[in-house]
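Lettering of chains follows the sequences in order, A, B, ..., and the numbering in each one begins at 1.
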Number of protein chains: 2
Amino acid sequence: MSTESNHLRKAGLKVTLPRMKILEMLENSETRHLSAEDVYKSLLESGEEIGLATVYRVLTQFETAGLVARHHFEGGHSMFELNEGDHHDHILCVKCGRVDEFMDETIEKRQRQIAQDAGYEITDHSLYIYGICPDCRGKA
Amino acid sequence: MSTESNHLRKAGLKVTLPRMKILEMLENSETRHLSAEDVYKSLLESGEEIGLATVYRVLTQFETAGLVARHHFEGGHSMFELNEGDHHDHILCVKCGRVDEFMDETIEKRQRQIAQDAGYEITDHSLYIYGICPDCRGKA
DNA sequence: ACTACGGATGCAAAAGCTTCTCATTATTAT
DNA sequence: ATAATAATGAGAAGCTTTTGCATCCGTAGT
Ligand SMILES: [Mn+2]
Ligand SMILES: [Mn+2]
Ligand SMILES: [Zn+2]
Ligand SMILES: [Zn+2]
């Protein structure tokens, strides 16, 4: 029993070839953050004939199961990353699309306080910092 | 010369009826945060025959001119609000869609520090807190 | 006030991303 | 192995947003 099959079973999902391949893709990808299209194309390149609709369905199921996190970076389309349990936020380069991660307990704490002050029961939050990355700052 | 026409002229935009009406709509709307569709429908209801494409074009021009701010709340579509000069972030109710605003200098400061530490030249940021608002917490 | 020009508008078509439909196929429990 | 049930693939459809193009309008100059 591979680790992947166990993850799927634990999530209450049948172990199918598309789900296994997509999970492997997310685990082994160079870039942690992938669009559905990215996953689909990478699978095609590695010879797997998996439909785009299936990629979308499976990623949504993974999200529901807590296996992946979905992000809405600027540009409209969803980006997915493997959920390794640790919450973090993102800082993105507007020139080259690079994505870095960070976690700041001061910010997290202030957010909880702000929600409380406003009378909200907080369920989630998203914080994106946009800028020009070190590599892109050099180039004209 | 109305205030609106001056705003438009100052932004280098011709004073046209659609632009005037859209600007008025943003100024007088009950809810500060509107989608393009919201603006379009409200204009129809008040008897103005303005095309949806024009609403989108004008809102984008207003954004470029700094007259409005565009936000990407969860759900995908863009939301617009009049830019009153003051930066602020948002806390939204996932039940009823209510939107509240806040500004926290501690968070702003930490964001600048995080960008600097990562070597990024910060250009922008977006922070959304999601939760259940005071009104919705009572109801089952 | 009249003209001429360039920009603005409206409509319909198209684009881009995502979801849905449905016939076919694969997985799981027995 | 079989039956019951869920998953898949292909394409159609859905939504928001953008674009092409003919027509219209605002503006600057007369
Ligand atoms: Mn991440
Ligand atoms: Mn606001
Ligand atoms: Zn970069
Ligand atoms: Zn609410």
Side-chain angles (χ1 to χ4, degrees), chain A residues 1-2 4-25 33-44 46-65 67-68 70-80 97, chain B residues 1-2 4-25 33-44 47-65 67-80 97:
Chain A
M1 288 298 124
S2 74
E4 284 85 16
S5 353
N6 282 332
H7 283 159
L8 292 177
R9 268 187 257 277
K10 205 172 298 177
L13 298 169
K14 280 198 200 171
V15 178
T16 67
L17 196 133
R19 299 214 256 236
M20 289 289 281
K21 292 301 176 189
I22 292 171
L23 193 49
E24 282 172 19
M25 181 95 275
H33 308 87
L34 299 168
S35 68
E37 192 76 28
D38 290 337
V39 173
Y40 174 65
K41 283 192 189 144
S42 303
L43 287 171
L44 279 194
S46 53
E48 303 294 337
E49 292 285 328
I50 295 175
L52 182 55
T54 299
V55 173
Y56 273 104
R57 267 186 305 237
V58 168
L59 286 173
T60 300
Q61 292 159 345
F62 283 5
E63 183 193 14
T64 302
L67 292 176
V68 310
R70 181 197 300 255
H71 305 294
H72 301 279
F73 298 153
E74 208 126 46
H77 51 301
S78 296
M79 301 288 281
F80 301 85
Chain B
M1 287 299 122
S2 75
E4 285 85 15
S5 355
N6 283 332
H7 284 158
L8 292 177
R9 267 186 258 277
K10 205 172 297 177
L13 297 169
K14 279 199 207 171
V15 179
T16 65
L17 198 133
R19 299 215 257 237
M20 289 290 280
K21 291 301 176 190
I22 292 172
L23 193 47
E24 282 172 18
M25 182 94 275
H33 308 87
L34 299 168
S35 69
E37 192 76 29
D38 290 338
V39 173
Y40 174 65
K41 283 192 190 142
S42 303
L43 288 171
L44 280 194
E48 304 294 338
E49 292 285 330
I50 295 176
L52 181 56
T54 299
V55 172
Y56 273 103
R57 269 185 301 236
V58 168
L59 287 173
T60 300
Q61 292 159 345
F62 283 5
E63 183 193 15
T64 302
L67 292 176
V68 311
R70 180 196 300 253
H71 305 294
H72 301 279
F73 297 155
E74 208 127 48
H77 51 302
S78 297
M79 301 289 281
F80 301 85

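To the nearest 0.5 Å, atoms CG (A:Asp38) and NE2 (A:His33) are separated by 12.0 Å. Distance check, rounded to the nearest 0.5 Å: CE of B:Met79 to CG of B:Leu59 gives 11.5 Å. B:Phe73 contributes atom CZ, which lies 11.0 Å from atom OG of B:Ser35 (distance to the nearest 0.5 angstrom). The line from NE2 of A:His7 to CE of A:Met20 is 11.0 Å long, rounded to the nearest 0.5 Å. To the nearest 0.5 Å, atom CZ of residue B:Arg19 and atom NZ of residue B:Lys14 are 8.0 Å apart. Atom CD1 of residue A:Ile22 and atom OG1 of residue A:Thr16 lie 7.5 Å apart, to the nearest 0.5 angstrom.
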- Given the rule that a pair is Watson-Crick or G-U wobble with both distances under 3.5 Å, how would you write DNA chain C in dot-bracket, using | for pairs to a different strand? ||||||||||||||||||||||||||||||
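The residue B:Ile50 sits close only to the backbone: its heavy atoms come under 4.0 Å of sugar-phosphate atoms, none of a base. Residue contacts shown for A:Thr54 include a base, since a base heavy atom lies under 4.0 Å away.
A heavy-atom distance below 4.5 Å is found between the side chains of B:His72 and B:Ser78. Two residues are said to be in side-chain contact when any heavy atoms from C-beta on lie closer than 4.5 Å; B:Leu8 and B:Phe62 meet this criterion. Taking the side chain as every heavy atom from C-beta outward, A:Glu48 and A:Leu17 approach each other to under 4.5 Å.
Between B:Phe80 and B:Val68 the shortest heavy-atom distance is CD2-CG2, 4.1 Å.
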- Nucleotide by nucleotide, nucleotides 11-23 of chain D touches protein heavy atoms under 4.0 Å in the pattern (B base, S sugar-phosphate only, - none) B----SBBBB---
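Protein chain A contacts DNA chain C from C:dC17 to C:dT28, reading 5' to 3' and using non-hydrogen atoms of the protein with a distance under 4.0 Å.
Atoms CD1 (A:Ile22) and C1' (D:dA7) sit 12 Å apart, rounded to a whole Å.
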